[in-house]
Structure formats: C-alpha cells, structure tokens
Amino acid sequence: LLETSVKDDVQAMGNGSYGHLYHAILTSAMAMEKRSGLDLNGKFNYLSYLAYEMYQRQTASMSDAESRDFHRQYTELLDRDISYERVIEGLIEARILKSDVNGVSFDARFSYCYFLASYFKLKMNEAEVKDAVKAIVDTLYHRESANILLFLSHLAPGAWPLDLILDRASELFKGKPLWRLDSDMAPVLAIGDNALPDAPAFPVGTANDNHSAEMELDDDRRREIQTRSDFDGRSVEILNNDCDFDECDELIREVRSAYKLIRIMGQVLKNNVDSMEGPIKKKIVKSVFELSRRMLGDAFQDIEKDFQDRRESVLKHIEMLYEESGKRGDRQAMIVKADREVIGVSYLACFAVTRNVCDAVGARGLGKTYTRVVEDDKSLPNKLYLACLLMDNDPTFPTKELVDLSRDMRANWFGKQLLQALVAWHFYMFDRPIQLRQEVFQRLEIGTARAQDPAQNRLKPPRLSNDGRGRKH
C-alpha cells in the first residue's frame with residue numbers, strides 16, 4: 001500500500017492522511033501477533049521507545065548486543081520481566097521489525113518515522129523532545145524529517161507542533177518579495193508573446209482515462225528512481241547537522257523544505273476540516289499562500305537581476321547544439337527558440353507551484369476559508385489560487401471567478417495563458433459536463449478541440465511544453 005507513494009514522502013490521501021491509514025495497518029498487524037506476550041498498547045509503546053533509541057544513537061539498526069541492552073533498560077523502566085526473544089520474534093512475525101546478521105531494524109522506513117513520532121507525542125512535554133522536534137522542523141529538506149513531522153501532526157494535532165510548523169513557514173524565504181504576477185514578471189513580459197508556447201487545447205477523452213494515463217506515467221517514473229530498498233527500514237537516512245553547504249545547496253534545501261512544509265500544513269488542514277476553528281484554518285491557508293509566493297517572488301527577483309545574461313546564455317547553448325549537430329540554423333529562429341525556453345521555465349515554475357498549493361490545501365468544505373484569505377489580499381496570485389481551489393473542490397463551478405480573473409489579466413499574456421493551462425488541466429483530470437467545458441473554454445478563449453485519436457490523446461495530456469516530459473499541449 002505504501003509503495004504506491006510516488007514521491008519519497010508520505011502523501012496526502014483525499015481529505016484524510018496516510019497517518020490514519022498507517023495506524024490502522026500497524027494495529028491490524030500487531031493485533032494478530034500473540035508471541036510477544038505484550039498487549040497492543042505495550043507493543044506500540046515498546047516500538048516507540050525503540051525508535052527513539054535508534055534516533056539517539058543515529059543509526060537505522062542496532063546489533064544484537066545493543067538491542068538486548070535497550071530491552072533490559074526498557075523492562076527495568078516498566079518493572080516488567082519480558083522475554084527479549086519472544087518480543088523480537090513476535091514483532092518480526094508481525095513484520096514490524098526485522099533481524100539478520102546486521103542486527104535489528106524496522107522492517108519499513110515509514111514504520112521508523114511513525115514510531116519516532118509516537119515517542120515524541122508520548123513525551124511532548126519534555127524539553128529534550130521539544131528540542132528534537134524543533135530540529136526536525138528546521139531540517140525538513142531531509143527525507144525522514146518530513147515524514148516524522150507528518151505523522152506527528154496526525155498523532156498530536158494540537159497547537160504545539162502546529163505552532164512550530166507555522167513559525168518555520170514564516171522563516172523560509174523570509175524578507176523575499178511576494179510573487180505578484182504583474183510588475184515582477186516585467187522581463188518575461190518584455191519578450192512579447194511571439195515566443196509563447198502553444199495554447200492549451202480542449203482535452204479529449206474521459207477524466208478517468210486521463211487520470212489512469214497520469215498514474216501510469218508516475219508509476220513508470222517511480223520505477224526509474226526507486227527500488228524496494230528505498231522503503232526498507234535499513235534505508236533510514238541519518239541526519240548530519242555538521243555538513244557544510246554552499247549557497248546553491250542552501251537554496252535547494254530551502255526550496256525542498258518549503259515544498260514539504262506546504263504539503264504538511266495542507267495535510268494538517270485536511271485532517272481537521274470539521275474540527276479546527278475558522279481563524280486557525282485561515283492562518284494555515286494564508287501561510288501556504290504566502291510561502292509559495294515568496295518562493296516564486298525570490299526566483300523572479302533573482303532572474304530580473306541578470307535577465308539579459310541568462311537569455312544570452314540560453315541562446316549560446318542553442319547555437320552550440322546546432323554546431324555540434326552540423327546543422328545551420330537561422331539566428332532569428334534560434335532567438336525565438338531561446339526566448340521560448342526562458343518563458344517555458346518561468347511558465348512551468350508558476351504552474352507547478354500553483355498546482356502544488358492547490359493539491360496541498362484543496363479539500364471540500366474549505367471554500368469560506370479560501371475566500372476569507374483572498375478578501376484580505378486580492379493579489380492576482382491569490383485570486384489564481386482561489387479559482388483553482390474552487391474548480392477542484394467546490395460543488396459550484398467558479399465560471400464567473402475565472403472569467404473575471406481572465407479579464408483582470410487581459411493585458412498580461414503570461415498570466416492569461418497560465419490561467420488557461422490551469423483550467424485545461426482541471427478539465428483533463430476532472431469529469432465535467434461537456435456543455436460546461438465548452439462554455440468555459442469559449443469564454444476564456446482557450447481554443448478548440450483537436451482532431452485526435454482518443455487512444456493517442458491518453459498519452460498526451462495538456463502540459464507545458466517545457467515540463468521535462470517531452471509533451472506539448
């Protein structure tokens with residue numbers, strides 16, 4: 001079940017989380033095991049202490065001598081006489097632990113993350129644990145940190161971890177300008193729309209077929225970059241805070257942390273749609289919006305500083321490719337191609353971040369929360385987020401909001417086509433009446449249907465031309 005995860009972190013699942021689902025799997029596995037002699041709460045407790053012991057030792061496994069020493073200390077703490085062999089063999093039988101010549105470890109990497117989070121929840125009032133959780137929140141670029149925090153948010157949904165999460169979100173890209181999708185896009189807009197990628201076309205085929213095509217593609221990608229060892233408990237990565245990072249590494253870490261944090265905040269929100277107070281939900285959505293916009297704002301501010309140099313660098317690279325291939329290219333055509341690359345990268349970044357935000361915080365029942373956030377800040381990106389969130393999650397399709405937003409960007413060809421691509425993507429992935437699709441595409445000037453074989457269409461979703469998958473709209 002967990003191997004269906006496309007990324008290396010635990011993924012959101014509808015309006016719930018893998019935290020609930022994984023807890024149910026662990027409970028079921030351990031409830032059937034009788035050899036250990038521990039009751040269900042005892043098993044959860046034992047494994048939580050074991051995970052913390054590994055965390056303190058900074059290891060993914062412990063030798064037989066080390067695990068026996070841990071067992072002795074644990075049983076003394078509980079004033080219990082429990083057989084080490086029975087406990088370990090029982091938990092191995094339940095496929096929670098594994099043991100071989102290398103020692104004892106968790107069978108699955110996610111199990112380690114879950115039980116470490118469980119220990120943090122048990123000891124959440126202790127200063128040592130608070131410091132450990134703070135360190136994890138500060139290192140979300142690390143693979144295990146994000147999963148531990150996500151499980152902790154499930155196990156302890158109160159103010160303590162949420163406050164740490166929100167504080168960390170405010171620190172990332174601190175002081176950077178918010179993406180505004182107008183004056184900050186001036187260098188890109190100055191290129192003109194002659195090099196604009198092809199406009200999205202009316203999606204052909206059913207949403208179910210398109211979704212299946214996407215899943216197949218993600219499966220292929222996952223098989224290329226992941227193996228079963230990536231899910232093995234011995235693959236737990238140990239965080240080393242002493243590493244030195246250069247400026248580029250620091251930026252990559254910050255982007256990765258922001259991406260993880262947006263997803264975790266979204267999962268906290270989805271887990272508590274019907275139980276969290278409105279002001280707290282609004283604070284989370286606002287934090288997600290602002291963090292994502294600071295990411296893009298920083299990127300476009302950096303591009304603006306040496307935009308012409310970057311543009312010239314892309315052109316030189318294209319010229320070099322022509323020379324290496326022995327082809328003679330028209331310089332004007334190469335300039336257009338270079339500009340298309342520059343626009344495409346900008347286009348892809350804005351599209352990807354917007355979809356990331358919508359996938360993270362999108363859920364039924366949050367329409368009022370989204371609207372309240374946008375009422376406080378009616379910037380174009382916030383309106384864009386709102387329109388996409390309502391498209392995906394509101395029972396009433398936001399035709400008026402989309403048309404109004406398109407009208408607001410009538411002099412902004414970049415923003416308008418970004419909106420068109422997001423709308424096309426929605427209709428590609430969501431089953432909507434054909435009449436509605438036709439009306440929306442007509443009013444947003446998105447284009448007309450292409451004559452395509454439906455089977456062929458399943459392999460060509462409406463994507464950006466520079467998305468790295470070699471597809472066009």
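Owing to the predicted nature of the structure, the values given are computational and were not obtained by experimental measurement.
- The side-chain heavy atoms of Y385 and V288, taken from C-beta on, include no pair separated by under 4.5 Å.
- Across all non-hydrogen atoms, the minimal contact from L155 to K121 is O-CE, 3.4 Å.
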Test log, rule side-chain contact (heavy atoms from CB on, under 4.5 Å), inputs M54 and F106: CA-CA 10 Å; M54 291 181 176; F106 281 91; 3.9 Å; yes
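- Between R293 and D377 there is a salt bridge, since at least one side-chain N of the basic residue sits less than 4.0 Å from a carboxylate O of the acidic one.
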- request: Evaluate the criterion side-chain contact (heavy atoms from CB on, under 4.5 Å) for residue pair F397 and E439; output intermediate values, then yes/no.
  value: CA-CA 12 Å; F397 192 84; E439 177 192 358; over 6 Å; no
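- Across every non-hydrogen atom of I165 and S153, the tightest pair is CD1-OG, 3.6 Å.
- Shortest non-hydrogen contact noted between L140 and A146 is CD2-CA, 3.7 Å.
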field: Step-by-step side-chain contact (heavy atoms from CB on, under 4.5 Å) determination, E250 to R253
entry: CA-CA 5 Å; E250 184 66 33; R253 290 197 306 161; 2.5 Å; yes
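- Counting heavy atoms from C-beta outward, V345 and R310 have side chains that stay 4.5 Å or more apart.
- A salt bridge links R168 with E171: at least one charged nitrogen is closer than 4.0 Å to a carboxylate oxygen.
- Looking at heavy atoms from C-beta onward, I284 lies in side-chain contact with M276 at the 4.5 angstrom threshold.
- Using a 4.0 Å cut-off between charged nitrogen and carboxylate oxygen, K176 and D302 do not count as a salt-bridge pair.
- When all heavy atoms of L390 and P398 are compared, the pair lying nearest together is CB-CG, 3.8 Å.
- Distance OG/S313 to CZ/R311: 13.0 Å, rounded to 0.5 Å.
- We find the CG-CG distance between D339 and L315 to be 8.5 Å, quoted to the nearest 0.5 Å.
- For Q442, the CD atom sits in a loose shell: 12 or fewer heavy atoms of surrounding residues, nucleotides or ligands are nearer than 6.0 Å.
- Classified by interplanar angle (parallel below 30°, tilted 30° to 60°, perpendicular above 60°), the ring pair Y347/F414 is perpendicular.
- The minimum heavy-atom distance between V188 and I343, with the atom names listed, is CG1-CG1, 4.2 Å.
- Note on D376 versus K282: salt bridge recorded, some NZ/NE/NH1/NH2 to OD/OE distance being below 4.0 Å.
- Contact of the K337 side chain with the V314 side chain is not registered, since no non-hydrogen atoms from C-beta on lie closer than 4.5 Å.
- Judged purely by atom type and a 3.5 angstrom limit, E254 uses its side chain to pair as donor or acceptor with the backbone of F173.
- Here the straight-line distance linking atom CG of L384 with atom OG1 of T354 works out to 5.0 Å at 0.5 Å rounding.
- Within a 6.0 Å radius of CZ in R372, other residues, nucleotides and ligands contribute 12 heavy atoms or fewer.
- Here the side chain of Q420 pairs a donor or acceptor atom with the backbone of L444 at under 3.5 angstrom.
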query: Can T399 and L436 be said to form a side-chain contact (heavy atoms from CB on, under 4.5 Å), step by step?
result: CA-CA 9 Å; T399 303; L436 176 63; 3.9 Å; yes
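- Judged by distance alone, with hydrogens and angles left aside, the side-chain atoms of Y370 form a donor-acceptor pair with the main-chain N or O of V361 at under 3.5 Å.
- Shown are F151, Y119, F120; of these, the ring-ring contact (aromatic ring centres under 6.0 Å, His included) with Y114 is made only by F151.
- If you take CG on L178 and CG on D298, they are separated by 11.5 Å, rounding to the nearest 0.5 Å.
- Counting heavy atoms from C-beta outward, L321 and E324 have side chains that approach closer than 4.5 Å.
- Side chain of S145 to main chain of T139: a donor-acceptor pair is present (N/O by atom type, distance under 3.5 Å, no hydrogens or angles).
- The main-chain N or O of L402 is never found under 3.5 Å from a side-chain atom of S406 such that the two would form a donor-acceptor pair.
- F289 has its side chain within reach of V374: a pair of non-hydrogen atoms, C-beta onward, lies under 4.5 Å apart.
- N412 places a side-chain N or O within donor-acceptor distance of the main-chain N or O of L181, the cut-off being under 3.5 Å.
- Looking only at side-chain heavy atoms (C-beta outward), V133 and L164 come within less than 4.5 Å of each other.
- The line from CD1 of I335 to CD of E312 is 8.5 Å long, rounded to the nearest 0.5 Å.
- The backbone N or O of R407 lies less than 3.5 Å from a partner atom in the side chain of R410, making a donor-acceptor pair.
- Comment: E401 does not engage K383 in a salt bridge, judged by the lack of any side-chain N to carboxylate O separation of less than 4.0 angstrom.
- Taking a 6.0 Å sphere around CD of E128, one finds it holds 12 or fewer heavy atoms contributed by other residues, nucleotides or ligands.
- At a threshold of 4.5 Å between non-hydrogen side-chain atoms, the residues W425 and C388 do not count as touching.
- In this structure, NZ in K283 is found 11.5 Å from CE in M265, a value given to the nearest 0.5 Å.
- A donor-acceptor pair is defined here as one N or O able to donate and one able to accept, closer than 3.5 Å; such a pair exists between the side chain of K281 and the backbone of V273.
- Salt-bridge annotation for D131 and K134: absent, with no side-chain N of the basic residue lying under 4.0 Å from a carboxylate O of the acidic one.
- No donor-acceptor contact under 3.5 angstrom links the side chains of T206 and N208, judged on distance only.
- The shortest non-hydrogen separation linking W179 to L296 is CE3-CD1, 3.4 Å.
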